[in-house]
Undergrad: 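Can you keep this structure in mind? I'll have questions shortly.
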Amino acid sequence: MSSKVNLFICLFILHLCAAASVRGHNIGIYEIKKGDFSVKVTNFGARIISVLLPDKYGKIGDVVLGYDTIEEYKNDTSSFGAIVGRVANRIGGAQFTLNGTLYKLIANDGNNTIHGGSKGFSHVIWKVSKYEKDGSNPHITLIYHSADGEQGDLLVSVTYALKDPYKLSVVMKAKALNKATPVNLAQHTYWNIGGHTSGDILSNVIQIFASQITLVDQHLIPTGALSTVKNTAYDFLEPRKVGSQINKLQNGYDINYALDSSAKMKHVAIVYDKKSGRVMDLQASARGVQFYTANSLIKKGKGGYVYQPHAALCLETQGFPDAVNHPNFPSTIVTPGKNYVHKMLYTFSIKKY
């Protein structure tokens, strides 16, 4: 075989490898870093897999639950750190009607669909389109083209960026390419700001800026009604411990709050862990937030540590669950020419007293 043929074959193989990488077939782990603040992300499910922060003693700790290997994330059923969609949370009866067409989905939560079905965005490989590890603007942008059945082509992206001081920005976008489709993306990190091996989060103090919840049935499907949190276990309008009234609930918290503010960026929640001194302040542009306390979690996680129920809390800013079946809820339908944008901003700080 001539040297020219060999060169051609080598160039062709390199071209194929480059093309596969561009198409996002390679799974990787990417770090963005600003001083002693760092976040690691994988393009499998566009997941946050670690967030490293100092505590009040200056000790660096990882404040999100997760696994050591990508293979474990592939088998994950808890959506650790993932972008979930195309429709986060639940769709009752695994179906909805849009513009006169009935769409039947694959049920993966009893008779209902949750987090995009059996293979939602949390279990696909996203393409890395931009990446800057450190410097003045550490960030990573991941994109995914969803051509899922008859719901229409959708181009989605998420950008994770670090800001000063100790701020993590998350911006999720979606563009319907050919027809109207429901879109409700959520970032599903399991937070334990005391450290992922620090035990349960029941002593964390939380404030949620919402005076109403969306009522649900026994299958956690919204009824369409809103209810006040006043004089209930769901009332976190004033700061109090997560576990202060959790015994009034069957398992724990797993409910959507209707946020009070109508501002483009609104306060969602503040979480404080006294032992570490860490504080997490969340703002977002979404209309609701699912407060979830990992009620049935039993997983072997990072370093072999076994996570137990209430080992973390999730604050999944989102559109209202099952909005496609409740016309009185804010719409989650995205049409061509009107793009979806969902912004989140986490601000971390320390209380030393």
Undergrad: Hey, are D254 and R90 close enough for a salt bridge, meaning a charged N less than 4.0 Å from a carboxylate O?
TA: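 Counted as a salt bridge, because a side-chain N and a carboxylate O are separated by less than 4.0 Å.
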Undergrad: Is there any ring pair (Phe, Tyr, Trp, His ring centres under 6.0 Å) pair reaching into residues 156-178, and which pairs are they, with sequence neighbours excluded?
TA: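 Passing the test, one end in residues 156-178: F37-Y166.
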Undergrad: Pairing donors with acceptors under 3.5 angstrom, does anything connect the side chains of S211 and D260?
TA: yes
Undergrad: Tell me, please, which residues at least two apart from N111 pass side-chain contact (heavy atoms from CB on, under 4.5 Å).
TA: none
Undergrad: Can you tell me if N325 and D322 form a side-chain donor-acceptor pair at under 3.5 Å?
TA: yes
Undergrad: Show me the side-chain donor-acceptor pairs of residues 200-209 shorter than 3.5 Å, one per line, residues at least two apart or across chains.
TA:
from : atom 1 : to   : atom 2 : distance (Å)
D200 : OD1    : L202 : N      : 3.0
N204 : ND2    : D273 : OD1    : 3.1
Q207 : NE2    : L237 : O      : 2.9

Undergrad: Who pairs with S261 by side-chain contact (heavy atoms from CB on, under 4.5 Å), at least two apart in sequence or on another chain?
TA: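 If we apply the side-chain contact (heavy atoms from CB on, under 4.5 Å) test to S261, skipping adjacent residues, the hits are A263, K266.
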Undergrad: Please list all pairs passing the ring pair (Phe, Tyr, Trp, His ring centres under 6.0 Å) test where one or both residues lie in residues 235-254, with sequence neighbours left out.
TA: Y234-Y253, F236-Y253, F236-F291, Y253-F291
Undergrad: Go through the structure and list residues passing side-chain contact (heavy atoms from CB on, under 4.5 Å) with K230, not counting sequence neighbours.
TA: T228
Undergrad: Over 60° means perpendicular and under 30° means parallel, so tell me whether Y67 and F80 are parallel, tilted or perpendicular.
TA: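 Rings of Y67 and F80: tilted, as their planes differ by 30° to 60°.
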Undergrad: Please give me the minimum heavy-atom distance between I27 and K74, naming the atom from each residue.
TA: CD1-CE, 3.7 Å
Undergrad: Contact between V64 and I49 at the side-chain level, heavy atoms closer than 4.5 Å - yes or no?
TA: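 No - every pair of side-chain heavy atoms lies 4.5 Å or more apart.
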Undergrad: Please determine which of E316, H115, Q290 meets the side-chain hydrogen bond (donor to acceptor under 3.5 Å, both in side chains) test together with N89.
TA: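 When E316, H115, Q290 are each tested with N89, the side-chain hydrogen bond (donor to acceptor under 3.5 Å, both in side chains) holds only for Q290.
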Undergrad: Name the residue from T332, T181, N184 that meets the side-chain hydrogen bond (donor to acceptor under 3.5 Å, both in side chains) definition with R86.
TA: T181
